[in-house]
Amino acid sequence: MDKQHLESIARELVAPHKGILAADESTGTIKKRFDTIGAESTAATRIAYRESLFLAEGASQNISGVILYDETLRQDVTDGRSVTQALNDVGIIPGIKVDTGAKPLSGQDGETITEGLDGLRERCKAYYDIGARFTKWRAVYKIFDGKPSHGCIHANAHALARYAAIAQECNLVPIVEPEVLMEGDHTIEAYEAVSQWAWSEVFRQLFFAGVHLEGMLLKPNMILSGTTCPQQASVEEVAEATLRCLHRTVPSAVPGVVFLSGGQSDILATQHLNAMNQAGPQPWELSYSYGRALQAAALTTWAGDDANRPAAQAALLHRARCNGAARTGSYSAEMEAAQAAV
Ligand code: 13P
């Protein structure tokens with residue numbers, strides 16, 4: 001493990017004004033997204049859409065890295081360069097999702113364990129050779145009927161830690177993603193209690209696994225009211241609860257926290273990040289690793305028609321700029337109004 005290399009990539013990923021674009025939807029998930037706009041999902045349409053995102057001119061001002069799916073990492077862009085070469089040419093770091101998905105957790109009805117440890121060392125080495133410099137693994141926890149169980153919290157934390165150690169051994173920065181889902185009628189207090197438990201267990205297991213904290217990033221959910229909870233917390237309450245939970249569980253040695261958006265509207269995801277950064281300096285950089293909250297407007301604008309590519313790129317760049325501003329707490333509603341007027 002080259003600790004200095006890992007630390008410098010981790011810091012580059014959370015450089016000022018920048019965050020990560022998550023474009024690592026599995027083939028099944030991207031098909032679902034394309035279905036919503038009536039676009040066919042083929043290897044050709046998937047790369048056409050995705051290259052339009054990360055090769056949008058100027059994207060690197062607010063996008064430090066892109067998380068790719070296995071298929072994309074091995075594809076070429078339209079002008080014949082490999083995806084990794086094209087990303088390197090514009091100064092965006094290629095990353096790769098390495099888990100193989102959340103599968104039913106035996107013994108715990110309705111809960112999942114994320115798989116993908118078998119053969120992971122070999123896959124990580126191969127990904128490094130192709131050009132990836134960071135990785136992602138997502139664990140999923142659901143709040144329902146007295147769950148998550150201890151078994152689910154423990155098994156997923158253990159798998160995340162084993163993954164992170166293997167990724168670092170292969171000189172890939174691990175993004176450790178424990179996602180407590182927002183779907184459900186739970187209160188913000190319940191969401192906070194479960195997240196605190198899940199994140200504490202993750203850092204306990206990362207310690208046992210010998211993970212170098214300075215060479216990793218945490219990708220957590222924000223702490224919100226459940227989607228169907230009658231009482232919805234304000235932006236300020238979300239920022240306060242999320243910061244409190246991070247302070248209680250995340251060592252200051254970790255260079256950055258890159259939030260997932262998890263199904264929040266794109267504007268709300270930006271507002272929450274902005275509010276957290278307005279609260280003043282924190283021990284870690286607070287940034288984004290959004291999938292839907294960066295892509296939603298670009299996807300509907302593209303609508304499967306390459307004639308819409310420039311407008312889709314403008315939509316992505318606008319969201320990236322807004323989130324870049326949220327990194328310093330300088331995002332404002334006027335930024336949205338200015339774009340709407342274009
Ligand atoms: P969302 O921002 O759409 O939640 O996606 C982020 C991600 O990478 C989930 O694993």
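Atoms within a ligand are numbered from 1 in the order they appear, just like the ligands themselves. These values consider heavy atoms only, across backbone and side chains, with no hydrogens, waters or symmetry-generated copies.
Between the side chains of Glu192 and Gln196, no donor-acceptor pair of N or O atoms lies under 3.5 Å. Glu336 and His318 are linked by a side-chain donor-acceptor pair at a separation below 3.5 angstrom, with hydrogens and angles left out of the test. Neither side chain, Thr114 nor Arg138, offers a donor N or O lying under 3.5 Å from an acceptor on the other.
Atom 9 (C) of ligand 1 has as its closest protein heavy atom Glu177 OE2, 3.3 Å.
For ligand 1 and Tyr290, the ligand atoms under 4.0 Å from any heavy atom of the residue are 2 (O). Within ligand 1, counting atoms from 1 as listed, the ones closer than 4.0 Å to a heavy atom of Gly262 are 1 (P), 2 (O), 4 (O). Every atom of ligand 1 is numbered from 1 in the order shown, and the set under 4.0 Å from a heavy atom of Gly291 is 1 (P), 2 (O), 3 (O), 5 (O), 6 (C). The Arg138 neighbourhood of ligand 1 comprises atoms 9 (C), 10 (O), with distances under 4.0 Å to a heavy atom of that residue. If you number the atoms of ligand 1 from 1 as listed, the ones under 4.0 Å from a heavy atom of Ser289 come out as 6 (C).
Ligand 1 has no nitrogen or oxygen under 3.5 angstrom from a nitrogen or oxygen of Leu260. The shortest N/O to N/O separation between Ser261 and ligand 1 falls below 3.5 Å.
Neither the backbone nor the side chain of Ala293 has a heavy atom within less than 4.0 Å of ligand 1. With a 4.0 Å heavy-atom cut-off, ligand 1 is reached by the side chain of Ala22 but not by its N, CA, C or O.
Residues Trp197 and His154 place their aromatic rings such that the two centres sit no closer than 6.0 Å.
Contact between Ala269 and ligand 1 is absent, with no heavy atom of the residue lying under 4.0 Å from the ligand.
Under the 4.5 Å side-chain criterion, counting only non-hydrogen atoms from C-beta, Arg50 is in contact with Glu25. The shortest side-chain heavy-atom distance between Leu273 and Tyr331 does not fall under the 4.5 Å cut-off.
The closest heavy-atom contact to atom 10 (O) of ligand 1, among the options Lys219, Lys136, Arg292, comes from Lys136.
A salt bridge (charged side-chain N to carboxylate O under 4.0 Å, His left out) with Asp24 holds for exactly one of Arg46, Lys97, Lys219; it is Lys97.
Ile175 CD1 to Tyr163 OH: the interatomic distance, rounded to the nearest 0.5 Å, is 6.5 Å.
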